Amino acid sequence: MQQKHARILGFVGTLLLLGAVSAQTTGYDVAFPSGLRDWFEVNSMIVTKDSPIFGQLGGMHLIHVNAKGLTTLKNGGPLPYPDGTVFADDVHEFSLKDGSYVEGNKKAIAVMVKDAKKYPTTGGWGFQVWGGGDPSKPLVPDVAHAITACFACHTPQKEQDYTFSTYIP
Ligand code: HEC
């Protein structure tokens, strides 16, 4: 768990870094995940104020996968995931109300889109994150940033086709 949090810290720095360069965004070509609310919910994670990184990445993370990748996720393979698979991390604010964590406004949407031919240098996945979940605000400008800001941290997951999530029955 400690390790996972340490990695998320890197993700925070990443988002801040990308925020700084977003003005130069030329639009690294990864499609916005329309309809993600209708996809399968893979898992969720809440980063609370007890976490040292709450200030930057506090939020409710809701991981989804589209229909294309669902069978592979459920069976744990065969890998790699088929082209057309999309994983999306739908990040929301939350509040603690009478002992319950309540979902709030959207903070960001991060995705991984599988297309082996289109994204050969990043494990066959296209990486993108939209600030505020706004389709007009992609923060990853090009493949170089996709590598340093996203792929580098997903690389240790190579055995699992660069994804962290597994099916939780
Ligand atoms: C510092 C490490 C780190 C960086 C950098 C990082 N991620 Fe991740 N990512 C993770 C971890 C850990 C998970 C698993 C989260 C969970 O289980 O809830 C994850 C999960 C995901 C998922 C869900 C699929 C999966 O692998 O389980 C997507 C989509 C995703 N990240 C996209 C991105 C994008 C886009 C970027 C760059 C903007 C990025 N990530 C940068 C660590 C990172």
Side-chain angles (χ1 to χ4, degrees), residues 1-22 25 27-34 36-37 39-48 51-53 56-66 68-70 72-74 76-77 79-82 84-92 94 101 103 106-115 118-119 121-135 137-168:
M1 206 57 201
Q2 203 54 41
Q3 191 197 2
K4 195 168 179 180
H5 281 172
R7 310 186 81 135
I8 300 289
L9 178 57
F11 184 66
V12 174
T14 293
L15 287 178
L16 294 176
L17 174 76
L18 289 171
V21 299
S22 65
T25 293
Y28 175 50
D29 186 20
V30 178
F32 185 79
S34 304
L36 110 90
R37 286 290 202 161
W39 298 359
F40 181 81
E41 188 169 331
V42 179
N43 67 55
S44 56
M45 172 179 65
I46 301 176
V47 179
T48 73
S51 165
I53 57 156
Q56 294 138 307
L57 197 69
M60 187 178 280
H61 297 251
L62 309 167
I63 310 265
H64 293 72
V65 68
N66 69 353
K68 192 78 186 182
L70 185 55
T72 306
L73 175 82
K74 281 191 167 172
L79 297 172
Y81 279 92
T85 296
V86 184
F87 277 96
D89 182 0
D90 187 16
V91 190
H92 283 252
F94 69 89
Y101 291 98
E103 184 175 341
K106 207 180 274 293
K107 289 188 84 176
I109 292 180
V111 306
M112 291 170 65
V113 176
K114 190 77 182 192
D115 187 327
K118 193 171 176 182
Y119 309 110
T121 52
T122 45
W125 294 99
F127 289 82
Q128 186 56 277
V129 57
W130 289 268
D134 181 340
K137 288 181 184 157
L139 300 178
V140 179
D142 49 38
V143 68
H145 284 84
I147 292 170
T148 54
C150 310
F151 185 61
C153 193
H154 278 252
T155 299
Q157 293 300 112
K158 187 173 183 197
E159 296 281 289
Q160 207 173 285
D161 197 20
Y162 306 99
T163 61
F164 287 89
S165 296
T166 51
Y167 179 59
I168 302 172

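All values derive from a computational prediction rather than experimental measurement. Order of appearance sets the numbers: ligands from 1, and atoms from 1 within every ligand.
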Original post:
Are any of the N/O atoms in Thr163 less than 3.5 Å from those in ligand 1?
Top reply: no
**OP:** Report the part of Ala149 in contact with ligand 1, treating N, CA, C, O as backbone and CB onward as side chain, heavy atoms under 4.0 Å; options are side chain, backbone, both, neither.
**Re:** backbone
Original post:
In terms of atom number and element, which parts of ligand 1 are under 4.0 angstrom from non-hydrogen atoms of Ile63?
Top reply: 18 (O), 23 (C)
Original post:
For ligand 1, does Val111 get within less than 4.0 Å through its side chain, its backbone, both, or neither, judged by non-hydrogen atoms?
Top reply: backbone
Original post:
Of all the atoms in ligand 1, which lie at a distance below 4.0 Å from a heavy atom belonging to Phe87?
Top reply: 24 (C), 29 (C)
Original post:
Quick check: does Ser165 get an N/O under 3.5 Å from an N/O on ligand 1?
Top reply: yes
Original post:
Okay, side chain of Gln160, backbone of Leu79: is any donor-acceptor separation there less than 3.5 Å?
Top reply: no
**OP:** Indicate yes or no for a side-chain donor-acceptor contact from His154 to the backbone of Tyr162 under 3.5 Å, with no hydrogens or angles considered.
**Re:** yes
**OP:** Pull out every atom of ligand 1 sitting under 4.0 Å from any heavy atom of Ala110, numbered as shown with elements.
**Re:** 29 (C), 32 (C), 35 (C)
**OP:** Take atom NZ of Lys137 as the centre, draw a 6.0 Å sphere, and report whether it contains more than 12 heavy atoms from other residues, nucleotides or ligands.
**Re:** no
Original post:
Within the distance-only criterion (no hydrogens, no angle test), does the side chain of His64 pair as donor or acceptor with the backbone N or O of Leu62 below 3.5 angstrom?
Top reply: yes
Original post:
Rounded to the nearest 0.5 Å, how far apart are CD of Glu103 and CE of Met60?
Top reply: 5.5 Å
Subject >> Pairwise distance OH(Tyr81) to CG(Leu73) - rounded to 0.5 angstrom >> reply: 4.0 Å
Original post:
Any donor and acceptor pair, going by atom type alone, linking the side chain of Gln128 with main-chain N or O of Phe32 inside 3.5 Å?
Top reply: no
Subject >> Atom indices of ligand 1, in the order listed, that fall short of 4.0 Å to a heavy atom of Gln128 >> reply: 35 (C)
Original post:
Does Cys150 put an N, O or S atom under 2.8 Å from atom 8 (Fe) of ligand 1?
Top reply: no
Subject >> ligand 1 versus Met45: contacting region, heavy-atom distance under 4.0 Å >> reply: side chain
Subject >> Atoms of ligand 1 close to Val129 [distance to a heavy atom under 4.0 angstrom, numbered from 1] >> reply: 38 (C)
Original post:
Counting only N and O atoms by type, is there a donor-acceptor contact under 3.5 Å from the side chain of Trp125 to the main-chain atoms of Asp161?
Top reply: yes
**OP:** Find all atoms of ligand 1 within a distance of less than 4.0 Å from any non-hydrogen atom belonging to His154, and give their numbers and elements.
**Re:** 6 (C), 7 (N), 8 (Fe), 9 (N), 10 (C), 19 (C), 20 (C), 21 (C), 26 (O), 30 (C), 31 (N), 33 (C), 39 (C), 40 (N), 43 (C)
Subject >> Rounded distance (nearest 0.5 Å) linking atom CD1 of Ile147 with atom CG of Asp142 >> reply: 9.0 Å
Original post:
Applying a strict 4.0 Å limit to heavy atoms, is His61 in contact with ligand 1?
Top reply: no
